[in-house]
Amino acid sequence: MRQLLVVGNWKMNGSRASINTLLGDLVSAPAIAGPEVAVCPAYVHLPQVLELCAVSAIGVGAQDCSHMQSGAYTGEVAAPMLAELGCRWVILGHSERRQYHSESDELVAAKVAVAVAAGLQPIVCVGETREQREAGEAEQVVSAQLEGALRGQVSLDSLVVAYEPVWAIGTGLTATPQQAQDMHECIRSCLEGIAGVDADATRVLYGGSVKADNAAQLFAQPDIDGALVGGAALKAADFLAIISAAAA
Ligand code: PGA
């Protein structure tokens, strides 16, 4: 049985004050005891978030890491630095990184390798664009992203995959539960063919405009093991409602 996982991707949002308020409401909420829960703030907010979450069951992750271990890479943050700070998770290959920072599957693969070596649990994001879906290429695109990021990795015991159709991120459009389930099934069968992955045990999250009112239907699907939540993770009431749907 896979434990559901709900991860808040705060993206480039928040201030020290807003985070105090948001986490103040989250850490004491009883719903947090249901599924596994994590939040991923911007790098600069990690120490504050780690301190506030220390008293709760909420895990903390970063939204990215460098593909290198250390060295002359100005502006980058290394996976071992995140692990030393106390992070448990790291989101890798998010479509906004692929789109705005030209991240390739090869680069994502290098990041997965350093993250796993540092003891972080990678949340590897995959997803097709609207054009690719309309052209009937969605499954092919997602499978290629998985293969590119995961084949040849030394260890993938802690892997989490997030299926995030690009056309659903921040748009208010969500894949229907059936569309999402179909893709999650495809992802699981693709994972079966990748050495080192226990496809049955690997959690596959859905992401893309997950809200309180669509979360329960998504979580009812057999291959949807939680959510990667953007916009709705920034308000305690909205995020808690999604967590409660996962706990039901
Ligand atoms: P959204 O973002 O929930 O705001 O669509 C999800 C994500 O990008 O992880």
Side-chain angles (χ1 to χ4, degrees), residues 4-14 18-19 22 26 35-43 45-46 49 58-65 87-103 108 111-112 115 120-130 132-133 138 141-142 145-146 149 159-177 179-180 183-184 187 203-219 221 224-246:
L4 293 195
L5 169 64
V6 179
V7 181
N9 173 12
W10 292 355
K11 307 193 180 185
M12 199 171 70
N13 292 296
S18 71
I19 287 169
L22 176 56
L26 291 182
E36 193 170 3
V37 176
V39 293
C40 300
Y43 289 134
H45 292 136
L46 282 169
V49 172
I58 303 174
V60 179
Q63 299 171 15
D64 187 30
C65 71
C87 289
R88 169 138 178 240
W89 304 96
V90 62
I91 299 170
L92 296 174
H94 190 281
S95 64
E96 286 151 14
R97 304 278 330 157
R98 295 179 190 260
Q99 187 180 350
Y100 305 130
H101 301 273
S102 307
E103 290 200 2
V108 177
K111 291 183 177 198
V112 171
L120 297 171
Q121 292 191 240
I123 301 171
V124 175
C125 301
V126 294
E128 81 287 357
T129 62
R130 181 197 291 268
Q132 288 164 334
R133 176 159 283 264
V141 166
V142 166
Q145 288 172 335
L146 283 171
L159 173 71
V160 170
V161 173
Y163 168 56
E164 299 206 308
V166 179
W167 47 271
I169 295 177
T171 57
L173 298 172
T174 323
T176 64
Q179 274 175 326
M183 185 59 87
H184 282 230
I187 288 170
R203 288 178 287 187
V204 183
L205 313 184
Y206 172 79
S209 299
V210 176
K211 306 266 183 281
D213 59 5
N214 58 23
Q217 275 185 302
L218 289 161
F219 297 151
Q221 304 304 311
I224 298 183
D225 307 314
L228 182 53
V229 185
L234 297 170
K235 283 200 191 129
D238 294 350
F239 194 49
L240 285 170
I242 294 168
I243 293 165
S244 298

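Counting starts at 1 for both ligands and their atoms, following the listed order.
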Heavy atom under 4.0 Å from ligand 1: found in Cys125's side chain, backbone, both, or neither?
neither

Could you see which bit of Ile169 sits under 4.0 Å from ligand 1, with heavy atoms only: side chain, backbone, both or neither?
both

Donor-acceptor under 3.5 Å ([X] side chain, [Y] main chain):
| X | Y | result |
| --- | --- | --- |
| Ser209 | Thr174 | no |
| Ser18 | Gly14 | no |
| Tyr43 | Asp64 | yes |
| Glu103 | Val108 | no |
| Asn9 | Gly230 | no |

Could you tell me which atoms of ligand 1, counted from 1 in the order shown, lie closer than 4.0 angstrom to a heavy atom of [X]?
| X | answer |
| --- | --- |
| Asn9 | 9 (O) |
| Ser209 | 1 (P), 3 (O), 5 (O) |
| His94 | 7 (C), 8 (O), 9 (O) |
| Gly208 | 5 (O) |
| Ala168 | 5 (O) |

Measuring from non-hydrogen atoms of [X] to any atom of ligand 1, is the shortest distance under 4.0 Å?
| X | answer |
| --- | --- |
| Ala232 | no |
| Gly207 | no |
| Ala162 | no |

Looking at [atom], what's its closest protein heavy atom, distance included?
| atom | result |
| --- | --- |
| atom 3 (O) of ligand 1 | Gly230 N, 2.9 Å |
| atom 7 (C) of ligand 1 | Glu164 OE2, 3.1 Å |
| atom 4 (O) of ligand 1 | Gly231 N, 2.9 Å |

Short N/O distance, under 3.5 Å, between Gly170 and ligand 1?
yes

Should Thr171 be counted as touching ligand 1, given the test is an N or O pair under 3.5 Å?
no

Side chain to side chain contact (heavy atoms under 4.5 Å, CB included) between Tyr206 and Asn214, intermediate numbers included:
CA-CA 11 Å; Tyr206 172 79; Asn214 58 23; over 6 Å; no

Fit a plane to each ring of His184 and Tyr163, take the angle between them on a 0 to 90° scale, and name the class: parallel (under 30°), tilted (30 to 60°) or perpendicular (over 60°).
perpendicular

Is any NZ, NE, NH1 or NH2 atom of the basic residue among Arg88 and Glu36 found under 4.0 Å from an Asp or Glu carboxylate oxygen of the other?
yes

Hey, looking at atom 8 (O) of ligand 1, which of Lys11, Lys211, Glu96, Gln63 has the closest heavy atom?
Lys11

Return yes if a side-chain donor-acceptor contact under 3.5 Å exists between Gln63 and His94, otherwise no.
no

Kindly indicate, with the supporting measurements, whether the criterion side chain to side chain contact (heavy atoms under 4.5 Å, CB included) is fulfilled by Glu96 and Ile169.
CA-CA 9 Å; Glu96 286 151 14; Ile169 295 177; 3.6 Å; yes

